[in-house]
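Read through the structure below, which is laid out as structure tokens, and then see the notes.
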Amino acid sequence: MSTTVRYKNSVERVYTDGRDIDTEAGDLTGEAADQRASGSTDKHLKEQMQVWRQAPGPRTGDPAYYNVPMLNEPVWEWAIPTYYYVGGLTGAALVLGAASQMGDAGGRKELIRRCHWIGLIGAGISGGLLIYDLGVPSRFFNMLRVFRPTSVMNMGAWILTGAGGTAFLAVVLRGRENRFGAAGEIAGYLAGMFGAGLATYTGVLTANTAVPVWQASRRVLPILFGTSAMSSVGALFELLGGKGEERRLTKIFGTAGQIAEFAASVAMEKQASVVPRVGRPLKKGLSGFVWRAAMTLTAAGLVLGLIPKPTRRRRLAAGIAGTLGSALMRASVEHIGTASARDARASFQQQRAGYGAAEIARQPNQ
Amino acid sequence: MAASKGFFTDTTLCIGCKACEVACKQWNQLPDDGFLFSGMSYDNTVHLGGSTWRHVAFVERPVPLNTQTDGAFSWLFSSDVCKHCARAGCLESCPTGAIIRTEFGSVYVQPDVCNGCGYCIVSCPFGVINRREEDGRAWKCTLCYDRLRDDLVPACAKACPTESIQFGDLDELRAHAKERVEQLHERGMPEAYLYGASADDQPGTEGLNAFFLLVDKPEVYNLPPDPVAPAKKVKDAWLAAGAAAAGMALAAVGAVFFGGHRA
């Protein structure tokens, strides 16, 4: 049990674990007894207090509770958006690897190998990022103690495990002359299937929340994440500087992804803004700036990559712009979600406009 | 299985004493959340969270109550709590199965299983559950699971001096709540209504096991007007993911078809 000091600057300091329970007189056996205390009760001193010109009481026609957020905001920090990027890259590379296996007479051996290696390393990094972000990292395997289709995150844990496992088998076994070679071939195809899931399920994960802007964009988010994953593979291969067939192949895949990613971004803005207040974080503030920056970088990467007669330097620039655009897009989705969760009126207006539970009642067959 | 238990919080009886907050902290041995002066009326608790399982809202309205004879100001108090939704967003999203439905119909987070992934936090349409930074796990009201197993009333309901917080079998609570609304209507408060008392009232959550009697819009109390368990809409997202995955596979095969073979 940790003891903290309350009223640090007082002549009469108070030493407490935050519960003010005398452990000589009573036992700490309550439901939350093993919650750790904050360390300092003075942490609010760092917080900026809002100064009102007029107390924010309920307004007629647009009520809220002192502008306090109605939802609790996402606790995910940099590791999760980074995982969205790395996981997407991993997944799309495995899809490309599986497609390249089809009808290959040996000419694409190097490309396939690279894809499988990206899959294996990417899955490893993804796992690391996910574990890092957990509140209790040592309990990561609790994710795999159940199989729960209602939990998108549980499905994701299984998809990532599958993608990593099959990518490993493909790297180790594929191309062997013995009977294990065939197993490696099959593992490569399976990795492609898991990869397609890995690159898109994160969009479902984000969409399946109470955060108004994410919920409103649920039909676009998986497509945005999937297409962005494709463009990040294209950008990575630009950076790796492949040649000949590998170059043409990854170029087509990546360019298709970039065009589709840009289109999906535009579609997302439209979907999110059906209720204007909900779409606001995409247009205003830091979140809006990051979103615009991501779109600009993706467009820049696309244009740079399409200029004929590419030089080494231009390919590098296109690769960097594409990679940054793709990674920043995930970061901005996280940002707009946080901004949206902080805005109680976004939820209220969304639901009043008929996009709460009423939306389901309007849809037939559900 | 025992009959489903729950709370009926009659906000017209709440006097804003915060005895429920104190009783909850005390019984569950929750640590403090820092001592903060919010400036929002008498509400320095502000919101539900990892170590705040009851929260009394203090609404200052620039309009009189219907029964009020003078003045253009009125108070509304409401003790907020986890709603223990019949269809609970947190429970459905939990990837470890740490969040379960108990024999009392309540929603309970098993602290020895929770790994602190944080998905329940964004899945709760009411902003109830939260992760405690200090120990990394998600926490919320347990409906005093430990007390219920010993046939005791939850600490907040026990401490409430005006019976604003009522605990009991859900069927009985609902019947009683309906009578109370009718009574208030007769006494000149036609604006009184039940929030989340049944699946008809609130289809998105299929009814709350902790429901409320309110006299103004839910937004005024920081409650959503038409909340929905996110998983009710997830089919749209999975379909989009399917389309995206198919498109990606098609693009990859296309790239091999058009980009390959030429040497």
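Below, chains carry the letters A, B, ... as their sequence lines are ordered, and counting in each starts from 1.
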Options [options], ranked by heavy-atom pairs under 4.5 Å with chain B, top entry:
options                       : value
A:M193, A:R219, A:M70, A:M153 : A:M70
A:L111, A:T209, A:L71         : A:T209
A:V136, A:L130, A:D133        : A:V136
A:T150, A:V204, A:T202, A:T29 : A:V204
A:D34, A:V220, A:L221, A:D104 : A:D34
A:G226, A:G337, A:P63, A:A196 : A:P63

Using only non-hydrogen atoms and a strict under-4.5 angstrom cutoff, which residues of residues 75-88 of chain B touch chain A? none
Under 4.5 Å from any heavy atom of chain B - which part of [X]:
X      : result
A:I80  : neither
A:F140 : backbone
A:L96  : both
A:A33  : both
A:A344 : side chain

In plain terms, say whether A:D62 and B:K217 are close enough for a salt bridge, that is, a side-chain N and a carboxylate O under 4.0 Å apart. no
Give a yes or no answer on whether the side chain of [X] reaches the backbone of [Y] with a donor-acceptor pair at less than 3.5 Å.
X      : Y      : result
A:R248 : B:G259 : yes
B:E133 : A:G135 : no
B:D226 : A:Y355 : no

Among [options], who wins on heavy-atom pairs under 4.5 Å with chain A?
options                        : answer
B:P218, B:A245, B:A249, B:P224 : B:P224
B:G204, B:G242, B:A251         : B:A251
B:C94, B:A231, B:S123, B:G89   : B:C94
B:T205, B:D146, B:L91, B:D112  : B:D112
B:G127, B:P95, B:G116          : B:P95
B:S93, B:P225, B:A244          : B:P225

[atom1]/[X] to [atom2]/[Y] distance, rounded to the nearest 0.5 angstrom?
X      : Y      : atom1 : atom2 : answer
A:Q35  : B:R132 : CD    : CZ    : 4.5 Å
A:N208 : B:K232 : CG    : NZ    : 13.0 Å
A:N72  : B:N130 : CG    : CG    : 4.0 Å
A:M143 : B:C117 : CE    : SG    : 4.5 Å
A:N67  : B:M40  : CG    : CE    : 8.0 Å
A:I223 : B:M248 : CD1   : CE    : 10.5 Å

Any heavy-atom pair between the side chains of [Y] and [X] that's under 4.5 Å?
X      : Y      : value
A:Q351 : B:P227 : yes
A:F348 : B:N222 : yes
A:Y65  : B:H47  : no
A:F253 : B:V256 : no
A:R145 : B:V113 : yes
A:M102 : B:V253 : yes
A:F141 : B:N115 : no
B:V234 : A:Q215 : no

Given the rule in the side chain to side chain contact (heavy atoms under 4.5 Å, CB included) test, do A:S151 and B:E92 qualify, once you have shown the distances and angles that lead to the verdict? CA-CA 6 Å; A:S151 170; B:E92 285 182 316; over 6 Å; no
If we ignore angles and hydrogens, is there a donor and acceptor under 3.5 Å between the side chains of B:Q29 and A:R19? no
Is the closest side-chain donor-acceptor distance between B:D43 and A:Y66 under 3.5 Å? no
Minimum heavy-atom separation for [X] to [Y], with atom names?
X      : Y      : value
A:V75  : B:R131 : CG2-CZ, 3.7 Å
A:A210 : B:P125 : CB-CA, 3.6 Å
B:A237 : A:P222 : O-CG, 3.4 Å

For a side chain to side chain contact (heavy atoms under 4.5 Å, CB included) check, start with the C-alpha distance between B:W27 and A:E31, then their side-chain angles and the critical distance, and finish with the verdict. CA-CA 8 Å; B:W27 177 262; A:E31 190 67 52; over 6 Å; no
Need one label for [X]: side chain, backbone, both or neither, based on atoms under 4.5 Å from any heavy atom in chain A.
X      : value
B:V128 : backbone
B:A57  : both
B:F126 : backbone

Decide yes or no on side chain to side chain contact (heavy atoms under 4.5 Å, CB included) for A:W76 and B:V122, but give the supporting numbers first. CA-CA 10 Å; A:W76 301 324; B:V122 281; 3.9 Å; yes
May I have all residue pairs that pass salt bridge (charged side-chain N to carboxylate O under 4.0 Å, His left out) and include part of residues 348-361 of chain A, sequence neighbours excluded? A:R218-A:E359, A:R352-B:E219, A:E359-B:K233
Just checking B:Q26: does its CD atom have more than 12 heavy atoms from other residues, nucleotides or ligands closer to it than 6.0 angstrom? no
Tell me whether the count of non-hydrogen atoms from other residues, nucleotides or ligands lying under 6.0 Å of CD in B:Q110 goes above 12. yes
